[in-house]
Structure formats: structure tokens, C-alpha cells
Amino acid sequence: MNYWNRKDVPHKGWQNIGYEDLEEATHVCDMCGKEEIRYVHTMYHSLMEDYFNVGCICAEKMTNDYKTPKDQIKKMKKKNTWMTVNWKKENYYEYEYKSFNGKYGRTTVEIFKCNEGYVFCLDGYLRAGINFATKKELKETLYNDFVSI
């Protein structure tokens with residue numbers, strides 16, 4: 001359904017309250033109903049009961065903000081790149097490591113398989129008591145806590 005053609009749905013005055021990378025273009029934009037989108041912006045309007053999950057172009061039009069949705073996509077792409085690129089792996093057991101410039105200067109992180117989950121070391125120090133179910137979850141936490149500014 002194309003809500004741009006409906007008069008009972010506000011076209012302006014929406015708030016962009018969040019964004020998410022679906023990792024594949026699997027969602028149909030709730031506003032225009034046409035294009036499959038990977039980067040989803042969650043929109044809120046006080047006159048609507050439901051949130052709308054839309055693509056970048058619709059988010060820009062709905063908020064009349066042509067900068068923030070593009071900046072959000074850049075942040076998601078930067079995070080995806082950090083999580084996937086330049087990790088060195090040892091094949092004989094599940095181990096990855098990477099050096100990067102983060103919030104606190106140059107840092108080296110190592111990820112190990114441990115029992116049913118994953119643990120990590122920062123600059124050679126094991127973060128005891130912190131166990132993650134998946135490498136993806138661990139890398140997202142590392143990115144949010146030590147890389148993202």
C-alpha cells in the first residue's frame with residue numbers, strides 16, 4: 001500500500017526514533033510500499049497508532065530532514081565494516097583478533113571460543129565473567145563500547 005496517496009496518513013511531522021540494519025533487503029517500506037529495504041528507519045507520529053518502518057528516502061520526506069537518515073545509514077555501514085573486515089583468524093580453533101583505533105586509543109581485541117559461547121581479551125587482558133552466545137553479539141558490544149563515538 002502506498003500511504004503517500006492517502007489523506008488520512010500524515011506526510012510530515014514524523015519523528016525518526018530508531019534505525020536497524022536487516023543485513024538483507026527483505027523489508028517493504030511501510031510508507032511507499034514499493035522498494036525492498038535493508039536499512040530500516042522506525043518512524044513515529046502522534047496521530048498514528050502504529051510505527052512505520054521505512055527506507056531512507058521516505059524517512060527524509062516524513063521528517064523533512066535530509067541529513068539524519070543518511071548519517072544513520074553511514075553509521076550502520078561503518079559498524080558492519082568494522083565487524084567483518086580485517087579480522088585475522090586461526091583456523092585450527094575459533095580465534096580471531098584485530099587491532100583498531102577506538103575511543104581509548106589503539107586497542108587489540110582477541111575473541112576466543114569458550115565452552116558454549118565466546119569471550120574476549122582487550123590488550124592482553126581477559127574480560128572474565130563476560131560470556132557471549134555468538135561472535136556477532138560480542139562484536140556488536142565491542143563496537144558499541146570501544147569503537148563507536
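Just so it is clear, the model here is predicted, and its values are computed rather than measured. Computed over heavy atoms, backbone and side chain alike; hydrogens, waters and symmetry mates excluded.
- Aromatic ring orientation, Y51 versus Y44: tilted (interplanar angle from 30° to 60°).
- Contact record, E60 with P69: CG-CG, 3.8 Å, taken as the closest heavy-atom pair.
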Run the numbers on V54 and M62 for side-chain contact (heavy atoms from CB on, under 4.5 Å), then give the verdict.
-> CA-CA 10 Å; V54 303; M62 294 164 79; 3.9 Å; yes

So K88 and E96, salt bridge (Lys or Arg N to Asp or Glu O under 4.0 Å) or not? Walk me through it.
-> CA-CA 5 Å; K88 294 170 181 59; E96 294 183 38; over 6 Å; no

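- Atom NZ of K12 has more than 12 neighbouring heavy atoms from other residues, nucleotides or ligands inside a 6.0 Å radius.
- Atom NZ of K135 is separated from atom CE of M83 by 11.5 Å, given to the nearest 0.5 angstrom.
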Take E140 and K79 through the side-chain contact (heavy atoms from CB on, under 4.5 Å) test and state the conclusion after the steps.
-> CA-CA 8 Å; E140 285 179 346; K79 179 179 179 179; 3.8 Å; yes

Pair D30-Y3, side-chain contact (heavy atoms from CB on, under 4.5 Å): steps then yes or no | CA-CA 8 Å; D30 290 342; Y3 284 103; 5.5 Å; no

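- In terms of modelled atom types and a separation under 3.5 Å, the side chain of W82 and the main chain of F100 share no donor-acceptor contact.
- Note: N80 CG to Y143 OH = 9.0 Å, rounded to the nearest 0.5 Å.
- For the atom pair T81 OG1 and N86 CG, the distance stands at 9.5 Å (nearest 0.5 Å).
- Between K67 and D71 a salt bridge is recorded (basic side-chain N to carboxylate O distance below 4.0 Å).
- Between F52 and W14, the ring planes are tilted. Angles from 30° to 60° get that label.
- Annotation: side chain of M48 is not in contact with side chain of M43 (no heavy-atom distance under 4.5 Å).
- Panel note: side chain H11, backbone W4; a donor-acceptor pair is recorded below 3.5 Å.
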Do any side-chain atoms of residues 111-133 form donor-acceptor pairs under 3.5 angstrom with protein atoms, and if so which ones, sequence neighbours left out?
unit_1	atom_1	unit_2	atom_2	d
Y118	OH	E94	OE1	2.6
D123	OD1	T108	N	2.8
N131	OD1	Y118	N	3.1

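- Inter-residue side-chain proximity for V28 and I37 is flagged as unmet; no heavy-atom pair is nearer than 4.5 Å.
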Stepwise side-chain contact (heavy atoms from CB on, under 4.5 Å) check, K70 with C56 = CA-CA 7 Å; K70 285 185 180 84; C56 183; 4.0 Å; yes

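- Among residues two or more places apart in sequence or in another chain, the salt bridge (Lys or Arg N to Asp or Glu O under 4.0 Å) test is passed with K136 by E23.
- For the pair E137 and T134, the minimum side-chain heavy-atom distance is below 4.5 Å.
- Salt-bridge annotation for E110 and K98: absent, with no side-chain N of the basic residue lying under 4.0 Å from a carboxylate O of the acidic one.
- Grouped with M76 in one hydrophobic cluster are Y19, Y39, I73, the linkage being side-chain heavy-atom contacts under 4.5 Å among Ile, Leu, Val, Met, Phe, Trp and Tyr residues.
- Taking the charged nitrogens against the carboxylate oxygens, R38 and E24 have no contact shorter than 4.0 Å, which rules out a salt bridge.
- With a 4.5 Å cut-off on side-chain heavy atoms, N2 and K34 count as touching.
- Here the shortest heavy-atom pairing between C29 and G55 reads SG-N, 3.6 Å.
- Between T141 and N144 the shortest side-chain heavy-atom distance does not fall below 4.5 Å.
- A 4.5 Å side-chain heavy-atom check between K89 and Y95 finds every atom pair outside the cut-off.
- For the 3.5 Å distance criterion, the side chains of N16 and D65 fail to qualify, holding no donor opposite an acceptor.
- Taking hydrophobic clusters as Ile, Leu, Val, Met, Phe, Trp and Tyr residues chained together by side-chain heavy-atom distances below 4.5 Å, L22 does not share a cluster with I57.
- Under the 4.5 Å side-chain criterion, counting only non-hydrogen atoms from C-beta, N53 is not in contact with H41.
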